[in-house]
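A short worksheet on the structure shown next.
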Amino acid sequence: MCGFIIASAVAQLISLLPYNALVVGVAVVITYSQGKNSNSMLLQIIAIGLAFGWGKCFFLG
């Protein structure tokens, strides 16, 4: 749960940068694929938190 919240907050900070969709997209893909390969649920949750945090900022402002 902590990983999700921290990842969401980090993604919201990244959304202030230029090319934020690309940065978050690459981070999500790399983190999720690493978590899938190593069967690490924590990395998969962090990837989902990054996507959620970015989407929250992008779509809701």
Side-chain angles (χ1 to χ4, degrees):
M1 187 63 153
C2 243
F4 180 82
I5 294 170
I6 292 170
S8 180
V10 168
Q12 290 177 13
L13 289 175
I14 292 173
S15 70
L16 299 173
L17 299 172
Y19 303 109
N20 57 33
L22 180 65
V23 171
V24 171
V26 168
V28 166
V29 168
I30 290 172
T31 307
Y32 189 79
S33 66
Q34 287 294 321
K36 194 74 162 167
N37 288 338
S38 65
N39 265 350
S40 173
M41 191 63 130
L42 178 63
L43 287 177
Q44 292 175 10
I45 290 172
I46 288 173
I48 293 169
L50 283 171
F52 176 77
W54 179 82
K56 182 179 171 188
C57 266
F58 186 75
F59 294 115
L60 299 178

(message) Distance check, rounded to the nearest 0.5 Å: S40 atom OG versus Y32 atom OH?
(response) 11.5 Å
(message) How close do G3 and I46 get, counting heavy atoms only, and between which atoms?
(response) O-CG1, 4.1 Å
(request) Would you name the heavy atoms of L50 and V28 that are closest together and state the gap between them? (result) CB-CG2, 3.7 Å
(message) Quick check: is V29 connected to I14 through a chain of hydrophobic side chains (ILVMFWY, heavy atoms under 4.5 Å apart)?
(response) no
(message) Can you tell me how far apart CD1 (I45) and SG (C2) are? Round to the nearest 0.5 Å.
(response) 11.5 Å
(request) For C57 and Q12, work out which heavy atoms get closest and say how close. (result) SG-CG, 3.5 Å
(message) Under 4.5 Å between side-chain heavy atoms, counting indirect links through other Ile/Leu/Val/Met/Phe/Trp/Tyr residues: same cluster for F59 and L17 or not?
(response) yes
(message) Nearest 0.5 angstrom please: S8 OG to L13 CG, how far?
(response) 10.0 Å
(message) Within this structure, what is the CG-CH2 distance for the pair N20 and W54, rounded to the nearest 0.5 Å?
(response) 6.5 Å
(message) Name the residue from I30, V23, V24 that meets the side-chain contact (heavy atoms from CB on, under 4.5 Å) definition with V26.
(response) I30
(request) Supply the atom-to-atom distance M41 CE to K36 NZ, rounded to the nearest 0.5 angstrom. (result) 8.5 Å
